[in-house]
Amino acid sequence: SEYQGTPRAPEGNRFKRHWFEIVPASAARAYRVRYWDKAGTRDGGDYTAGVLMSWVPGAYWYVEDVVRGQWSSLERETVIRRTAEADRDRYGPVEIWLEQEPGSGGKDSAEYTIRNLAGFAAYAERASGTKEVRAEPYAAQCEAGNVKLVRGDWNERYLDELTVFPNGLHDDQVDASSGAFNRLLGLGESYEE
C-alpha cells in the first residue's frame with residue numbers, strides 16, 4: 001500500500017495544521033506546567049521533549065515553549081534543570097511533570113530527575129492507556145480552536161510531528177503536550193475548589 005500501509009492526509013490525521021493560531025504571546029496570568037517525555041540516547045532514537053503549556057480557565061491553552069533534543073542521560077538532566085531555572089526566572093513557579101516509564105528502570109530514572117529538580121515542584125506519573133487515547137482530550141481542544149502556539153523557532157517542528165501522529169517516526173512532543181494539557185486540567189480543578 002502507498003505510504004507503507006499508513007496513508008496520511010496532507011493536513012494531518014489526529015491534528016490538523018490549520019487548527020493552530022500562532023500568536024506573539026500568551027496570557028500573563030495563567031497556570032503553567034512543563035511536562036517532559038524523556039529519552040536517553042545521544043544523537044539517535046527518540047527525543048526528549050519538554051512542553052511548557054499555560055491555561056487561563058475559561059479562555060485558551062497556550063503552548064509557550066518546546067525544548068527538544070537527543071541527549072545522553074546526563075546531558076538531558078542538565079537541560080531539564082536549566083530549563084526549570086529559566087522557566088522560574090521568567091514566569092515564577094511552574095509545575096514540572098514527567099512521564100515515568102514502566103518497570104524499575106523507569107522508576108529509577110524518574111526518581112533521579114526529581115532529585116535533580118530539588119527546589120522545584122516536580123512530579124512523576126505513570127501513563128495509562130495508549131498514546132492515542134491520552135492525546136484525544138488535547139486534540140479535541142485543538143480542533144475547537146482553543147489551543148494557541150506562541151511564536152517560536154520550535155513551531156514548525158512541533159506542527160510537523162503533530163500532523164503525522166500517530167504514524168510518524170516520533171511522538172515525543174505529542175506525549176509531552178498531552179501530559180501538560182491533562183495536568184493543567186487537574187490544576188484548574190484544584191484551584192477552583
Side-chain angles (χ1 to χ4, degrees), residues 8-37 47-68 80 83-99 120-123 125 127-166 168 170-193:
R8 293 186 282 264
E11 73 278 2
N13 286 328
R14 294 270 197 316
F15 296 91
K16 310 249 185 256
R17 194 173 287 270
H18 69 270
W19 292 350
F20 297 93
E21 178 184 0
I22 298 177
V23 298
S26 61
R29 305 188 119 238
Y31 303 124
R32 284 185 172 80
V33 167
R34 170 85 67 175
Y35 197 100
W36 291 93
D37 182 46
Y47 284 83
T48 293
V51 172
L52 177 66
M53 192 177 293
S54 65
W55 178 44
V56 177
Y60 297 105
W61 285 265
Y62 295 90
V63 180
E64 297 183 300
D65 182 55
V66 177
V67 175
R68 179 179 181 251
I80 289 173
T83 302
E85 291 167 353
D87 288 347
R88 179 190 58 207
D89 292 348
R90 183 165 184 188
Y91 300 108
V94 173
E95 273 196 15
I96 303 165
W97 284 84
L98 53 120
E99 182 178 331
F120 295 93
Y123 310 94
E125 68 177 351
S128 61
T130 67
K131 294 171 183 283
E132 292 88 349
V133 168
R134 292 194 312 263
E136 285 305 315
Y138 179 57
Q141 292 302 313
C142 294
E143 183 176 11
N146 294 328
V147 177
K148 312 291 183 191
L149 305 184
V150 174
R151 187 175 318 283
D153 61 358
W154 52 269
N155 293 154
E156 284 305 309
R157 287 186 310 272
Y158 183 79
L159 290 170
D160 288 347
E161 182 177 304
L162 263 66
T163 57
V164 297
F165 178 78
H170 298 288
D171 56 19
D172 317 293
Q173 295 173 97
V174 176
D175 288 349
S177 298
S178 300
F181 177 81
N182 292 325
R183 294 313 318 164
L184 280 170
L185 286 178
L187 263 180
E189 291 169 2
S190 67
Y191 282 109
E192 290 172 3
E193 293 175 351

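All values below were derived from every heavy atom in this structure, side-chain atoms included, with hydrogens, water molecules and symmetry-related copies excluded. Since the model is a prediction, treat every value here as computed from it, not as a measurement.
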I need the [X] [atom1] to [Y] [atom2] distance, nearest 0.5 Å.
X    : Y    : atom1 : atom2 : value
Y158 : T163 : OH    : OG1   : 11.5 Å
D172 : F165 : CG    : CZ    : 10.5 Å
S178 : M53  : OG    : CE    : 8.0 Å
R68  : Y47  : CZ    : OH    : 4.5 Å
E136 : N182 : CD    : CG    : 11.0 Å

Are any side-chain N or O atoms of [X] and backbone N or O atoms of [Y], one a donor and one an acceptor, separated by less than 3.5 Å?
X    : Y    : result
E161 : V174 : yes
D87  : V94  : no
R34  : G50  : yes
R134 : G129 : yes
N155 : G152 : yes

If every non-hydrogen atom of [X] is compared with every non-hydrogen atom of [Y], which pair is closest and at what distance?
X    : Y   : answer
L162 : F20 : CD2-CZ, 3.6 Å
C142 : F15 : SG-CE2, 4.0 Å
I96  : A84 : CD1-CB, 3.5 Å

Q. Would W36 and T83 count as a side-chain contact (heavy atoms from CB on, under 4.5 Å) if you check the C-alpha gap in whole Å, the side-chain angles of each, and the deciding distance to 0.1 Å?
A. CA-CA 11 Å; W36 291 93; T83 302; 3.8 Å; yes
[X] versus [Y]: any side-chain heavy-atom pair under 4.5 Å?
X    : Y    : answer
P166 : R14  : yes
I80  : F120 : no
W55  : V33  : no

(Q) Taking side-chain contact (heavy atoms from CB on, under 4.5 Å) as the definition, give me every residue that meets it alongside Y123, ordered by chain and number, with sequence neighbours left out. (A)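 Partners of Y123 by the side-chain contact (heavy atoms from CB on, under 4.5 Å) criterion, ordered by chain and then number, come out as E95, W97, A121.
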Q) Does any pair with a residue in residues 147-157 pass salt bridge (charged side-chain N to carboxylate O under 4.0 Å, His left out), and if so which ones, sequence neighbours excluded? A)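 Qualifying pairs, neighbours excluded: R17-E156, E21-K148.
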(Q) Please list all pairs meeting salt bridge (charged side-chain N to carboxylate O under 4.0 Å, His left out) that have one or both residues in residues 49-60, counting only residues at least two apart or in different chains. (A)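 Sorted result for residues 49-60: empty, none.
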**Q.** Side-chain H-bond candidate by donor/acceptor type, S54 with Y91, under 3.5 Å
**A.**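 No pair is found: no donor N or O on one side chain lies under 3.5 Å from an acceptor on the other.
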Q: Only one of D37, V63, D65, V67 passes side-chain contact (heavy atoms from CB on, under 4.5 Å) with V51; say which it is.
A: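 When side-chain contact (heavy atoms from CB on, under 4.5 Å) is applied between V51 and each of D37, V63, D65, V67, only V63 qualifies.
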Q: Using the six-membered ring wherever Trp is involved, compare the ring planes of F181 and W61 and label them parallel, tilted or perpendicular (cut-offs 30° and 60°).
A: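 Tilted, since the angle between the ring planes falls between 30° and 60°.
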